[in-house]
Amino acid sequence: MVDSTLRWVQPSIFKEVFELRSGDECAATLQFPKFFSRTARAESEDGCWTLEERGVWKPSIVVKQCNEEQALATVTLKNFSRVTPFSVDQKRTFRITSNFWRSHYSITTDMGEPLVSLKIKHFAKHSSEVEINRKAESFPWILFLLYYIVLINRRRAGAH
C-alpha cells in the first residue's frame, strides 16, 4: 500500500469504525469500542495498536502495541499550533503539521521528509485521502496516529 493513494472511510455514520481502503479492499481499521471513547484500536496486517488521548489541559496521545504496557510514542498536542513535534525511541524526531483550516495533515521527519499525508474530503460522512511514503514502513502505526488526531480534532470542533 506504500506509495499508493488510499482512503479512510466511515462505512456507517452510526458507528465509530473507520476503514483504510485501496479501491474496494480494506487494508486497515481504526475503531472506538464505545461511543465517545478516548481509546481506539487500530489493526492492519502489520499489527495491532491502541491509541489513547490522556489529559484535558495538556492533552497527549499515547500509542502502544496491543497488550503491551510500554508506549511506542507519546505526542503532547498543542491546541493552537499547527506544528507538533514528537520523538520515538528518544532518537528519531517527527513533526505533525496541519494547514490553517485543518483539512490537510502530515507527519514529516525532522528534516522535512514526508512520511504520511492526509487530505480531508468530506466532513459529514468522513472520508480522507492518504499518501504513505516508503520511509513510513518502519513505523506502521504512524498512519493511525495521524488519523486519530484528525478524529480527535473533529470531535472537539463538534463539541464547540
Side-chain angles (χ1 to χ4, degrees), residues 1-54 59-77 84-98 102-110 113-155:
M1 301 289 172
V2 172
D3 292 330
S4 64
T5 302
L6 306 167
R7 288 181 309 122
W8 276 112
V9 296
Q10 184 179 11
S12 171
I13 200 165
F14 300 108
K15 295 180 183 177
E16 288 195 305
V17 176
F18 305 90
E19 296 178 349
L20 182 64
R21 297 192 156 271
S22 175
D24 291 334
E25 181 183 349
C26 180
T29 59
L30 178 71
Q31 62 184 349
F32 292 86
K34 297 178 184 172
F35 206 66
F36 291 118
S37 173
R38 296 175 80 186
T39 302
R41 181 180 175 98
E43 294 184 64
S44 73
E45 286 185 12
D46 294 319
C48 175
W49 302 271
T50 59
L51 300 101
E52 180 181 9
E53 183 185 28
R54 295 181 180 168
S60 62
I61 297 171
V62 178
V63 181
K64 297 179 183 178
Q65 280 190 304
C66 290
N67 304 318
E68 295 288 330
E69 290 300 315
Q70 179 136 0
L72 295 170
T74 301
V75 179
T76 302
L77 300 175
T84 303
F86 72 99
S87 62
V88 177
D89 302 332
Q90 300 177 359
K91 296 176 187 173
R92 299 176 203 137
T93 304
F94 301 101
R95 290 186 308 205
I96 302 167
T97 59
S98 67
R102 298 203 188 262
S103 61
H104 184 269
Y105 291 80
S106 63
I107 294 181
T108 62
T109 65
D110 57 350
E113 295 176 273
L115 297 177
V116 178
S117 66
L118 187 142
K119 292 179 187 173
I120 298 172
K121 293 295 183 183
H122 303 286
F123 287 97
K125 191 173 178 185
H126 203 261
S127 174
S128 301
E129 284 185 4
V130 179
E131 288 185 25
I132 305 170
N133 186 312
R134 186 161 306 282
K135 293 185 182 209
E137 285 180 321
S138 301
F139 309 98
W141 51 267
I142 214 162
L143 166 69
F144 297 107
L145 171 64
L146 187 61
Y147 195 58
Y148 182 84
I149 290 170
V150 169
L151 295 174
I152 293 299
N153 285 338
R154 181 177 169 208
R155 283 181 172 183

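Side chains included, hydrogens not; waters and symmetry mates left out as well; all remaining heavy atoms used.
- Summarising the geometry of Ala136 relative to Ile142, their closest heavy-atom pair is CB-CG2, 4.3 Å, with the distance given to 0.1 Å.
- Closest non-hydrogen pair, Thr39 versus Tyr148, comes out as N-OH, 4.4 Å.
- In this structure, the separation between OG1 on Thr108 and NZ on Lys135 is 12.0 Å, given to the nearest 0.5 Å.
- A salt bridge does not link Glu53 with Arg155: every distance from a Lys NZ or Arg NE/NH1/NH2 to an Asp or Glu carboxylate oxygen is 4.0 Å or more.
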Report the C-alpha distance between Leu20 and Tyr147 in whole Å, list the side-chain angles of each, state the deciding distance to 0.1 Å, and finish with yes or no for side-chain contact (heavy atoms from CB on, under 4.5 Å). CA-CA 10 Å; Leu20 182 64; Tyr147 195 58; over 6 Å; no
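- Within the 4.5 Å cutoff, the side chain of Arg54 has heavy atoms near those of the Val62 side chain.
- Put simply, OG1 on Thr84 and CD1 on Ile61 are 9.0 Å apart, with the number rounded to the nearest 0.5 Å.
- Between Asn153 and Tyr105, the shortest heavy-atom contact is ND2-OH, 3.1 Å.
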For the pair Trp141 and Val88, evaluate side-chain contact (heavy atoms from CB on, under 4.5 Å) and give the outcome as yes or no after the intermediate values. CA-CA 12 Å; Trp141 51 267; Val88 177; 3.7 Å; yes
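- Using cut-offs of 30° and 60° on the angle between ring planes, the pair Phe32 and Phe18 is perpendicular.
- With a 4.5 Å cut-off on side-chain heavy atoms, Leu143 and Trp8 count as touching.
- Atom CG of Leu151 and atom OG of Ser128 lie 8.0 Å apart (nearest 0.5 Å).
- For the atom pair Glu16 CD and Ser37 OG, the distance stands at 8.0 Å (nearest 0.5 Å).
- Counting only heavy atoms from C-beta outward, the side chains of Thr29 and Glu19 approach each other to under 4.5 Å.
- Closest heavy-atom contact between Thr109 and Phe94: CA-CD2, 4.0 Å.
- Interatomic distance, CD1 of Ile152 versus CZ of Arg38, reported as 7.5 Å (0.5 Å rounding).
- The closest side-chain heavy-atom distance from Arg21 to Cys26 is below 4.5 Å.
- The two residues Leu51 and Ala42 make their nearest non-hydrogen contact at CD1-CB, 3.9 Å.
- Note that CG of Leu115 and OG of Ser106 are 9.0 Å apart. Values are rounded to the nearest 0.5 Å.
- Counting all heavy atoms, side chain and backbone alike, Gln70 lies closest to Lys64 at O-CG, 3.9 Å.
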